[in-house]
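Note on naming: letters A, B, ... go to the chains in the order of the sequence lines (proteins, then strands), and numbering restarts at 1 for each one. Being a predicted model, the structure only gives us computed values, none of them experimental.
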Amino acid sequence: MTKTKPAGNKPKRDISFNPRELEPRWQAKWEADKLYRAVIDESRPKHYALTMLPYTSGDLHFGHWYPMAPSDARARFKRMNGYNVLFPIGFDAFGLPAENAAIKRGIHPKIWTYKNIENMRRQLRTMGTMFDWEREAVSADPEYYKWTEWFFIQLYKHGLAYRKMSAVDFCPNCNTTLAREQVIGENRVCERCGTPVIKKDLEQWFFKTTKYADELLNFDELDWPERVKVLQTNWIGRSEGASVIFKTEAGDPIEIFTTRPDTLWGATFMVFAPEHPLVDKITMPEQREAVEAYKAQAARQSDIEREAADKEKTGVFTGGYAINPVNGERIPIWIADYVLMSYGTGAIMAVPAHDERDFAFAKKYDLPIVEVIRPEPSPLHPSPSGRGDGGEGGELKEAYIGAGVMVNSGPFNGTKVNDQKGRKNPGISAVIDWLEQQGMGKEAVNYRYRDWLISRQRYWGAPIPMIYCEKDGWNPVPEDQLPVLLPEDVEWRPTGESPLKLHPTWKNTTCPVCGGLATRETDTMDTFMCSSWYHLRYLSPHYDKGPFDEKEYNYWMPVDTYTGGIEHATMHLLYTRFFHKALRDAGIVEGNEPMLQLRNQGIILGEDGDKMSKSKGNVIAPDELVAQYGTDALRTYLMFAYRWQEGGPWNSQGIDGTSRWLRRVWMLFTDQTPPGSASDETKRTLRRRVHQTLKRVTHDFENFEFNTIISSLMELLNEMYKAREAGVVGSSEWNEATEIYLKMLAPVAPHIAEELWTNHLGKPYSIHQQRWPQVDEEAAKEDMIELPVQINGKVRDRITVPAEAGEEEIKAAALASVVVQKYLEGKEPKKVIVANKRLVSIVV
RNA sequence: GCCGAAGUGGCGGAAUAGGCAGACGCGCACGACUCAAAAUCGUGUUCCCUCCGGGAAUGAGGGUUCGAUUCCCUCCUUCGGCACCA
């Protein structure tokens, strides 16, 4: 046979491609062979790839597939690159839906949860992931939550868990208190159920997350998305300033926090939150009635009403006065609901001339306004801004917030103030130093961040292992008595009250200190506590001498790559960082951060562009699609169709594209094509394309650019079809191409790659134990390069030159072009630029 | 109001370091195969014009540059977060 004619070379088609048959077959074999078992191997570098564990809702949907399948592909890629990869999975198994099912349908949460886990395990297996199932951990197993309880006790012993009475967020639908992070948006709704939360005064357990506020703001060791870092930074809300002690006329100290100590001389009144403890003491008899009425009204209002920024300010005078320490002025004390007890000290100095809120308040109640920062006249603004008549002594029209010079400020007159915060502002810095010398105040930092409220008035969670005794107060359950098991014989009230409270005997116990009668804490822990350390439990899920086996910890931790949704930026991702730092200080773990690299996937929307939800009827069920197209097609669709970090709407026709591609891969590898006699040039070109693709795919895997991995593989497949037509089959280049192609395919479509590798190419099982191929840089290089030639910015011609041609050579070739000559009309070009050997630009 | 991200064909999206805009795929159109359809294969597919050839175009406007999707400024739109935070 000489030149292979396409027509005479119709390959015999193997139409046996049947993912529904081959996928389960390989899944069973891999599992039987323990192919993905991850065990410590000091001879290889480790890679801990973690994806957020699913809640046991009972059904795996695209919200699970989308982070997991591409993460699996990347974990497989890492494994082929010589890493010993740990890619575990488990279940976040405590939580309210289980309890709601119990209330509604009378199924015990434990039964509901574990039945769901069974189904989810089955679904997860159909995904074809390399999860090491022997490391599976379930947070509702006593062998797991024993250690959740143990961690609580360790935090308690290190002073990081405490109990306090305060006004807390309460979800009336979920019937439990919530952490501040779990109250979402300006409507202040419950993170789980969307019900607006209310405030309640309750005594609850907290973790001292604020102790780590500053450290949590430091992301130096983290390769995390900028977005997450910004969200966490804003959430913590650090502001720098000073704390200053004012005094009441009776001499009681009033501590305030201010970011503008440079405006202290302009404080013309003070405002307390209505709940401030000093209010009763300073209120004069004549004002008592009005103050009480105002307090009552503020208490009745919801937080949403009260915190609405555009609401007109209201307040009442207490009759009491304070002394401004910097100038001895006697200034009135008001109460107003725009001052919140929950931020700072619940009391402020009001500087109406330089704060919008204070200005509005002063205008409304006709309180004095004293200017203490005067803008410096500039050529652009000859008259100081904010003034009604532009002149000295004129009335301010609005608060002036900007830079200027201090006036009416005693020793600081003439000091410059810029618009920076804290010590970066010379005026603020000078005043802080002075306050400290005078003993009137000190430099201070305030945070928006609050301590983590951990108590939940629910049954289906890890019990808080604390015991209350009339005599000895609160004490932890002795560690040798852990776990405090959830009782199973409980009754459900439709009201949602915790069955632990109602259980007749469970809460009765003995005091670990005096041995007398005592009661258990009946609240359970926030489930975010369980998920704050699950990555540690995966290390040794059945270990019973501690939460994890140190040998495993030392080898695998920290997590190298963490994937999951951004919705947890200020919840789970902040909690788990806090948790790790707290454990570090308790001497339990090492290192400052638990997860070094984080990547967030986007969201797959319904075909209509809306969020997938049962009520909208736009949910796409993975189970049906696996049955129809096979797992490989589904995995590759999810990688190909979107920028992974962004997501987008589901397109049911899109999956035909990847399904077709895999079929074409199958055809190319299974067609019986007789060897041909392709030209050396054809073989060389094929080899070049293979190594160029390999280079690109390798790069894209590292960078989570899954969509271009698939498109590169599609392009190469098209090239390979052309090369086959040109008779390249039978050459060493062809054999190399097929081998490299399947290795590149293996992480994304593990089943078809294995079938073709083992059963059609007859290579040694398993492709998933092969090494990732090396890029041959020489082979990837082009011999000849084509350069566009621009004349005055427009492409007019193309020239082909040897890849190693120098700039002068390229210039000469460009100027020799007939087309270029035509445009030059015999004139000399003004400029000829050869840009990075990618383009020639001629200016005439 | 403040902070952040993003705007590219009918659609999803590509475009090392400022260098050929629209790769790859979906959809659509036409053709081949077929009695027919599906599947498959092939060709075409940003828009406009006088269709040889030329012009315009990456949310809008301006700037830097031989050259801008990419850098700078102003603005618009969408999405996300925070919000009386002293």
Once hydrogens and angles are ignored, does a donor-acceptor distance under 3.5 Å link the base of B:C20 to the side chain of A:Arg798? yes
Indicate yes or no: at least one non-hydrogen side-chain atom of A:Thr259 is less than 4.5 angstrom from one of A:Phe257. yes
Only pairs with both distances under 3.5 Å count, Watson-Crick or wobble alike; so what is the partner of B:A38 in this structure? none
Does A:Trp235 have A:Arg180 sitting over its ring (NZ/CZ under 6.0 Å from centre, angle to axis within 45°)? no
For B:C33, the Watson-Crick or wobble partner whose two distances fall under 3.5 Å: none
Taking the C1' atom of each, how far is B:G81 from B:C49, in whole Å? 48 Å
Aromatic plane relationship, A:Tyr575 with A:Trp452 - under 30° parallel, 30 to 60° tilted, over 60° perpendicular: parallel
Which part of the nucleic acid, if any, lies within reach of A:Arg238 when heavy atoms closer than 4.0 Å are counted: base, sugar-phosphate only, or nothing? nothing
Can you check whether A:Arg696 has a side-chain N or O nearer than 4.0 Å to OP1 or OP2 of B:A15? yes
For B:A15, the Watson-Crick or wobble counterpart (both distances under 3.5 Å): none
Ring centres under 6.0 angstrom apart (A:Trp334, A:Phe272): no
In whole angstrom, what separates A:Ile799's CD1 from B:C20's C1'? 13 Å
Of A:Tyr642 and A:Glu715, whose closest RNA chain B nucleotide lies nearer the 5' terminus? A:Tyr642
Could you tell me how far B:A56 sits from B:G67 if I compare only their P atoms? Round to whole Å. 14 Å
Calculate the interatomic distance between A:Trp666 atom CH2 and B:U40 atom C1'; express it in whole Å. 18 Å
Between A:Thr345 and A:Val834, just flag the one whose closest nucleotide in RNA chain B comes earlier from the 5' side. A:Val834
Residue pair A:Glu181 / A:Tyr449, side-chain heavy-atom distance below 4.5 Å: yes
Both distances under 3.5 Å, Watson-Crick or G-U wobble: report the partner of B:G10, or none. B:C26
Can a side chain N or O of A:Asn707 be found less than 4.0 Å away from OP1 or OP2 on B:A14? yes
What interatomic distance, in whole Å, is found between C1' of B:U58 and the corresponding atom of B:C51? 25 Å
Could you tell me how far apart A:Met639 (CE) and B:G25 (P) are, to the nearest whole angstrom? 18 Å
With respect to the phosphate group of B:G80, does any side-chain polar atom (N or O) of A:Arg227 fall under 4.0 Å of OP1 or OP2? no
Spacing of the C1' atoms in B:U46 and B:G80 (rounded, Å): 31 Å
Considering only atom C1', compute the distance from B:A32 to B:A37 and round it to an integer number of Å. 15 Å
If you take the centroid of each ring, where Trp contributes its six-membered ring, are A:Phe269 and A:Phe361 closer together than 6.0 Å? yes
Give a yes/no verdict on a cation-pi contact between A:Arg664 and A:Tyr721, requiring under 6.0 Å between NZ or CZ and the six-membered ring centre and an angle within 45° of the axis. yes
Across every strand shown, the nucleotide meeting Watson-Crick or G-U wobble geometry with B:U64 (both distances under 3.5 Å) is none
How far does the P atom of B:G18 sit from the matching atom of B:A6, given to the nearest Å? 15 Å
Side-chain N or O of A:Arg643 less than 4.0 angstrom from OP1 or OP2 on B:A6? no
Under 4.0 angstrom, heavy atoms only, what part of the nucleic acid is A:Trp661 near: base, sugar-phosphate, or nothing? nothing
Under 4.0 Å between a side-chain N/O of A:Lys794 and OP1 or OP2 of B:A56, yes or no? yes
Would you indicate what A:Leu231 reaches in the nucleic acid, counting non-hydrogen atoms under 4.0 angstrom: base, sugar-phosphate, or nothing? sugar-phosphate
Check the phosphate of B:A86 against A:Ser239, side-chain N and O only, distance under 4.0 Å to OP1 or OP2. Yes or no? yes
Phosphate-side-chain proximity, A:Asn234 and B:C85, N/O vs OP1/OP2 below 4.0 Å: no
Hunt down the Watson-Crick or G-U wobble partner of B:U50, both distances under 3.5 Å, from any strand shown, or write none. none
I want to check one thing: is the phosphate of B:C85, taken as OP1 and OP2, less than 4.0 Å away from some side-chain N or O of A:Arg357? yes
Can you tell me the pairing partner of B:G4 across any strand shown, Watson-Crick or G-U wobble, with both distances under 3.5 angstrom? B:C79
Check whether any side-chain nitrogen or oxygen of A:Arg660 sits under 4.0 Å from OP1 or OP2 of B:C26, and answer yes or no. yes
